[in-house]
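In what follows, a single structure is set out as structure tokens and then discussed.
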Amino acid sequence: MSNIYDTLNPMQQEAVFTTEGPVLVLAGAGSGKTRALTHRIAYLIEEKGVAPWNILAITFTNKAAGEMRERVDRLVEFGADAIWVSTFHSMCVRILRRDAEYLGYDRNFTIYDADDQKVLMRQVMKKLDLDPKMYKEKTLLGVISTQKNELVTPEEFYTMASGDYRRMRMADAYQEYQAQLRKNNAFDFDDLIMKTVELLQHNAEVRGRYQDRFQYIMVDEYQDTNTAQFRLVSLLAGRYKNLCVVGDDDQSIYKFRGANIGNILNFEQIYPEAKVIKLEQNYRSTQNILDVANAVIANNEGRKDKKLWTANEKGEAVRYAQYDTAYDEAGAIVRAIRKANEDGLALKDCAVLYRTNAQSRLLEEKCIQYNIPYRLVGGVNFYQRKEIKDMLAYLKTIYSGQDDLAVQRIINIPKRGIGATSISKVAGYAADYDMSFFEALDCAGDVPGLGKASQKINSFVRLIHMYRSKLEFKCTVSELIRDVLETSGYEQELLKEDELEAQSRRENLEELINKAVHYENTAEESTLGGFLEEVALVADIDSMDDSEDRLTLMTLHGAKGLEFAKVYLAGLEDGLFPGSAAVNSEDPDEMEEERRLFYVGVTRAKKELTLTCARLRMVNGENRYSRRSRFLDEIPPQMVEDGKKRSGDGAGYGRSGYEGGSSYGGGYSGGYHSGYSSGGYGGGTHGRDRYQADIFELESRHDRGQVSPGYKAPQYGGFGKLPDSGVKLGKDFSVTKESQLDYQVGDRVRHMKFGLGTVTEIKEQKRDFEVAVEFDNYGLKRMYASFAKLKKV
DNA sequence: GGGCCTCAAGTTTTT
DNA sequence: CTTGAGGCCC
């Protein structure tokens with residue numbers, strides 16, 4: 001009876017059997033590294049008698065973690081669920097949930113996502129009086145993130161910035177930002193790692209506990225780790241040193257978000273006793289495809305020497321085609337895929353990969369035109385959608401009310417007549433008395449100057465309390481969501497919006513409920529807190545549904561780790577791929593990273609690979625001519641077949657009249673756009689095509705990433721074409737112009753915010769009085785009487 | 001408070 | 001060309 005390890009090749013076996021001490025597995029694309037990793041875990045448990053709870057396997061995405069757990073489950077007899085298979089972030093959350101008190105944080109902290117960070121940063125900038133023209137919040141957040149990835153504290157950042165005024169101000173922002181996070185009992189994603197490192201570094205007891213627990217540690221995609229993650233892993237492995245890292249330096253493509261390729265390149269320097277194992281046999285692609293990959297990546301200087309080989313057949317030739325316009329390119333690609341599909345290849349086995357998300361547009365248009373169902377990966381994350389964030393803010397508020405940002409987000413959603421002024425009053429009061437925003441709301445009666453708003457605030461607080469008590473009566477998370485939707489007035493408010501928009505939002509909320517139900521069915525103990533946590537760490541891509549047969553469109557970054565029988569790399573033009581930043585950069589590393597990205601793209605293909613580019617492309621609204629990508633020139637000419645010389649494949653189509661006149665015959669100056677909108681492509685189906693294009697146009701704003709052309713056709717009652725009559729259902733907004741003002745020029749008046757002032761001018765306009773007031777402390781202001789609510793003194 | 005318009009900006013992205 | 005954010009207006 002053979003055992004499960006017999007199916008592995010000798011190098012894979014070595015990776016599996018070398019269990020003690022540091023191990024570096026250099027795993028080329030498609031070399032079966034996940035297989036090696038899962039078998040290694042099985043081997044540790046079954047053959048070496050290691051307790052499952054002494055094993056830790058770390059990945060970057062939930063998807064990878066889930067897949068690995070599933071595969072381990074199948075290999076290991078029992079106890080597999082005691083293995084920690086987790087992402088860096090969820091592992092840190094688990095540690096912090098238990099031990100955050102040592103850092104002075106409460107254990108039920110919340111996690112801030114990119115949106116929360118932005119809101120917080122805006123507050124920080126206001127407080128520090130940072131000119132938004134000089135310092136953009138995006139830049140500041142970027143700088144802070146970089147520091148955290150490098151484990152630089154605000155104090156250290158000050159020291160490093162010494163003298164440089166701009167850097168000092170950034171340090172101010174970093175420090176204040178941290179103070180605010182701390183106050184809100186929140187961590188951002190980078191904090192999760194950095195604070196865990198801090199915890200382990202400063203607390204020997206805690207460190208010892210985890211070091212003892214994790215006797216065998218494995219890290220996947222090691223080339224993507226940043227400095228903080230590297231330190232975290234070193235700390236955890238500090239006692240037993242049984243650390244096995246798996247990665248491919250040639251697939252390091254995340255430098256821009258902090259990944260430090262040095263972690264993998266210098267592993268042997270850091271652990272001199274490390275065993276290095278190379279997995280170079282590729283099981284995925286044909287030899288022809290690998291030849292191209294090897295030829296290009298060989299041009300990189302900073303890499304470990306290795307060369308992929310395969311026992312697979314030579315396969316089809318790799319093809320190349322240059323088109324006149326990006327429009328032609330997209331059309332030819334989609335038609336070729338349609339042809340392949342007609343010949344029996346499933347759409348889900350095809351992918352078009354590109355460098356930037358903007359390139360997806362043209363491809364989408366063509367897919368719609370040719371009725372090819374597609375799946376667009378990338379774009380707006382499900383959990384970043386407004387309605388989802390709103391609902392989650394409700395849940396967070398019901399859960400703990402400690403998260404000021406969440407409470408402030410929903411206090412006036414749906415509209416409750418609690419405006420910015422009231423909010424800032426309450427926030428000021430909360431700051432004065434050192435309480436959370438929600439606590440301050442709870443005693444709104446004591447907050448000075450709230451007036452009528454305090455009534456409204458009270459009913460909001462009561463609403464939240466009501467949900468809380470329902471939760472105690474064993475109402476599930478999904479029931480709670482439904483309840484909030486129906487009783488908070490959120491659903492009704494949705495109905496007032498544009499029909500399509502409302503529908504899309506409701507679908508997304510239904511999807512959230514589905515996720516809640518799924519959570520209830522899978523979690524051991526389902527709690528609101530648990531659900532929020534799961535959701536906070538889940539990215540959209542994890543829920544990518546690959547059951548439907550659709551063509552995949554995505555960026556090269558998104559494609560890492562995936563494989564398709566037939567792959568198109570589109571837009572291979574200098575300035576686009578490699579991007580202009582890399583072309584113009586002094587730093588040669590940038591070009592190397594682009595080249596690695598190219599390598600990643602090429603190695604996604606199993607059977608067929610086509611490389612395409614266009615002479616003319618619309619970029620940022622202007623036509624741009626480009627020469628073909630330098631990476632194409634790095635491929636020996638005999639390795640590719642120029643598609644233009646053949647007829648019958650991708651490039652040939654363009655000439656055979658399929659395009660219907662707009663692209664080839666008529667030159668390109670604007671021809672394709674007008675060609676598209678005037679429906680000039682012959683055939684009897686274009687009416688339908690245009691109809692779908694309209695749906696796409698309208699839906700795409702809210703539904704990027706989930707577009708489903710040709711799949712659900714919503715009742716098309718001519719919506720988008722109706723002139724907006726201005727009759728917004730139920731909405732009656734009119735300025736109530738007072739017939740007369742109780743003050744006149746020269747009078748002293750009081751304003752809610754600006755205090756005392758003197759009226760200098762009153763102008764009567766169509767619907768309102770415009771009043772100018774010279775305030776004692778704020779200078780001259782002009783305002784409308786109906787909003788200013790000025791009181792004569 | 002909120003709709004509408006102008007203007008600037010515009011790789012890659014997970015958690 | 002497209003999108004988002006801020007300014008303006010009623």
Side-chain angles (χ1 to χ4, degrees), chain A residues 59-65 86-93 111-114 117-118 122 132-133 136-138 145 187-193 221 224-226 229 253-259 353-359 361-362 377-381 383-384 412 415 417-421 533-542 554-561 571 575-583 590 593-594 596-597 600-601 617-624 670 673 697 700-701 704 724 726 728 731 733-737 765-770 782-787:
Chain A
T59 64
F60 271 85
T61 64
N62 292 298
K63 191 181 173 214
S86 116
T87 65
F88 271 105
H89 295 269
S90 58
M91 171 182 76
C92 289
V93 170
I111 300 163
Y112 276 9
D113 68 11
Q117 289 180 284
K118 260 178 153 173
R122 253 174 251 144
K133 289 212 175 75
K136 277 180 272 175
E137 76 222 18
K138 219 176 119 195
S145 175
F187 294 111
D188 64 20
F189 285 120
D190 297 320
D191 273 345
L192 293 175
I193 315 285
E221 304 281 9
D224 289 336
T225 52
N226 61 36
Q229 288 159 338
I253 54 174
Y254 284 113
K255 186 183 172 182
F256 70 91
R257 71 178 196 211
L353 310 179
Y354 38 80
R355 180 67 236 267
T356 67
N357 280 310
Q359 290 169 255
R361 273 232 130 71
L362 243 34
V377 182
V380 180
N381 194 321
Y383 288 102
Q384 269 165 253
N412 203 30
K415 311 249 156 45
I418 306 170
T421 346
E533 177 143 329
E534 186 161 299
V535 150
L537 292 174
V538 165
D540 209 14
I541 202 160
D542 299 333
M554 65 175 144
T555 64
L556 287 144
H557 283 91
K560 200 171 75 155
L576 185 62
F577 187 29
S580 54
V583 171
E590 289 213 32
E593 177 129 331
E594 296 280 314
R596 290 193 289 267
L597 196 52
V600 166
R617 180 183 301 273
M618 183 87 87
V619 178
N620 295 151
E622 55 188 23
N623 282 328
R624 202 161 76 186
H673 280 297
E697 280 305 318
S700 61
R701 248 161 272 151
R704 301 272 299 176
D724 188 353
K728 289 274 182 189
K731 203 158 252 183
F733 184 77
S734 58
V735 178
T736 44
K737 178 179 170 184
Q765 297 199 344
K766 283 155 276 171
R767 296 174 137 190
D768 202 356
F769 292 101
E770 184 191 298
R782 289 180 180 279
M783 58 197 75
Y784 287 92
S786 55
F787 295 111

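Given the structure is predicted, the values throughout are model-derived calculations rather than measurements. Numbered from 1 within each chain, the chains take letters A, B, ... in sequence-line order.
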- Could you tell me whether the phosphate oxygens of B:dT13, OP1 or OP2, come under 4.0 Å of any side-chain nitrogen or oxygen in A:Thr555?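 Yes, such a contact exists.
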
- Query: With respect to the phosphate group of B:dT12, does any side-chain polar atom (N or O) of A:Asn357 fall under 4.0 Å of OP1 or OP2?
  - Reply: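 Yes.
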
Check the distance between [N]'s [atom2] and [X]'s [atom1] and give it to me in whole angstrom.
X	N	atom1	atom2	answer
A:Ile193	B:dT14	CD1	P	15 Å
A:Arg617	C:dT2	CZ	P	16 Å
A:Asp190	B:dT13	CG	P	17 Å
A:Arg624	B:dT11	CZ	P	11 Å
A:Glu221	B:dT13	CD	C1'	14 Å

- Check whether any side-chain N or O of A:Asp224 sits under 3.5 Å from a backbone N or O of A:Ala259 as a donor-acceptor pair, and report yes or no.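 No, because the side chain of A:Asp224 does not come within donor-acceptor range (under 3.5 Å) of the backbone of A:Ala259.
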
- Message: Using modelled atom types and a 3.5 Å cut-off, is there a donor and acceptor pairing between side-chain atoms of A:Glu593 and backbone atoms of A:Glu590?
- Response: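 Such a contact is absent between A:Glu593 side chain and A:Glu590 backbone.
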
- Do A:Phe88 and A:Phe60 have ring centres separated by under 6.0 Å?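 They qualify: ring centres under 6.0 Å apart.
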
- Item | Ring center gap for A:Phe187 and A:His89 short of 6.0 angstrom |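 Aromatic pair excluded; centres sit 6.0 Å or further apart.
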
- Pick one for B:dT12: is it syn, with its angle within 90° of 0, or anti?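 For B:dT12, whose glycosidic angle is more than 90° from 0, the conformation is anti.
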
- Item | For A:Glu594, all residues meeting salt bridge (charged side-chain N to carboxylate O under 4.0 Å, His left out), sequence neighbours excluded |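 Partners of A:Glu594 by the salt bridge (charged side-chain N to carboxylate O under 4.0 Å, His left out) criterion, ordered by chain and then number, come out as A:Arg355.
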
- Query: Would you call A:Glu137-A:Arg122 a salt bridge at under 4.0 Å N-O?
  - Reply: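 Looking at A:Glu137 and A:Arg122, the cut-off is met.
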
Between protein and nucleotides 6-10 of chain B, what N or O pairs are separated by less than 3.5 Å?
unit_1: B:dG10; atom_1: N3; unit_2: A:Asn620; atom_2: ND2; d: 3.4

- Face-to-face stacking of A:Tyr254 with B:dT13, centres under 5.5 angstrom, angle under 30°: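 The ring of A:Tyr254 is not stacked on B:dT13.
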
- Message: Regarding A:Glu594, tell me which of base, sugar-phosphate or nothing describes its non-hydrogen contacts under 4.0 Å with the strands shown.
- Response: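 If one applies the 4.0 Å heavy-atom cut-off, A:Glu594 turns out to touch a base.
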
- Give A:Phe60 one of three labels, base, sugar-phosphate or nothing, depending on what nucleic acid heavy atoms sit under 4.0 Å from its own.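 Sugar-phosphate only.
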
- Do the ring planes of A:His557 and A:Phe256 sit parallel (below 30°), tilted (30 to 60°) or perpendicular (above 60°)?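 The rings of A:His557 and A:Phe256 stand perpendicular, inter-plane angle above 60°.
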
- Query: More 5' along DNA chain B: A:Thr87 or A:Thr356, using each one's nearest nucleotide?
  - Reply: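 Closer to the 5' end of DNA chain B: A:Thr356.
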
- Query: If you check every side-chain atom of A:Glu590, which of B:dT13, B:dT11, B:dT14 has the closest atom?
  - Reply: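 Within the option list, the nearest is B:dT11.
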
- Nearest-nucleotide pick for A:Arg361, side chain only, options being B:dT12, B:dT13, C:dT3: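 Nearest to the side chain of A:Arg361 among the choices is C:dT3.
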
- Query: What integer number of Å spans the P atoms of C:dG4 and B:dT13?
  - Reply: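 Here C:dG4 and B:dT13 have their P atoms 16 Å from each other.
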
